Amino acid sequence: MDKSKRSFIKSKRSFRRRLPPIQSGDRIDYRNMSLISRFISEQGKILSRRVNRLTLKQQRLITIAIKQARILSLLPFLNNEKQFERTESTTRTASFRTKNK
């Protein structure tokens, strides 16, 4: 077959439509912590619209709700799950100081 005579055949992939992250009955509010927590990363950052698959209006409402919840201390500004241990660095410097003496 010539390139000009090839018929364009779309590949038949099985495509499953994803469910929207926010249902029609869900109310976007700073008090709805179960809804808001789905749109925050492990570090406590607000996830982008592409990642969330939200509309522009929904993303704006989610962002405002998260910020209100942070101000009212319902959500932390930073998620401090990772505790940094300084014991390792202090022992290194202590042993370094003793070697120099």
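Just so it is clear, the model here is predicted, and its values are computed rather than measured. One is the number of the first residue; the rest follow in order along the sequence.
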Whether Asn52 side chain and Pro21 backbone form a donor-acceptor pair below 3.5 Å: no
Just verifying a value: how many Å separate [X] [atom1] and [Y] [atom2], rounded to the nearest 0.5 Å?
X     : Y     : atom1 : atom2 : value
Leu61 : Leu56 : CG    : CG    : 9.5 Å
Thr63 : Gln58 : OG1   : CD    : 11.5 Å
Lys67 : Phe77 : NZ    : CZ    : 10.0 Å
Ile40 : Ile62 : CD1   : CD1   : 9.0 Å
Ile71 : Ile66 : CD1   : CD1   : 12.5 Å
Ile36 : Arg31 : CD1   : CZ    : 10.0 Å

To check you understand the geometry: which heavy-atom pair defines the closest contact between [X] and [Y], and what is its length?
X     : Y     : value
Lys45 : Arg70 : CA-NH2, 4.2 Å
Ala65 : Asp29 : CB-C, 3.9 Å
Leu72 : Tyr30 : CD1-CE1, 3.5 Å
Leu35 : Arg27 : CD2-O, 3.7 Å

Summary of salt bridge (Lys or Arg N to Asp or Glu O under 4.0 Å) pairs that have at least one residue in residues 50-60, sequence neighbours excluded: none
Cluster overlap Leu47 with Leu54, hydrophobic side-chain contacts below 4.5 Å: no
Test item: Ile22 and Arg38 side chains (from C-beta on) under 4.5 Å apart, heavy atoms: no
Side-chain heavy atoms of Leu75 within contact of Met33, under 4.5 Å: yes
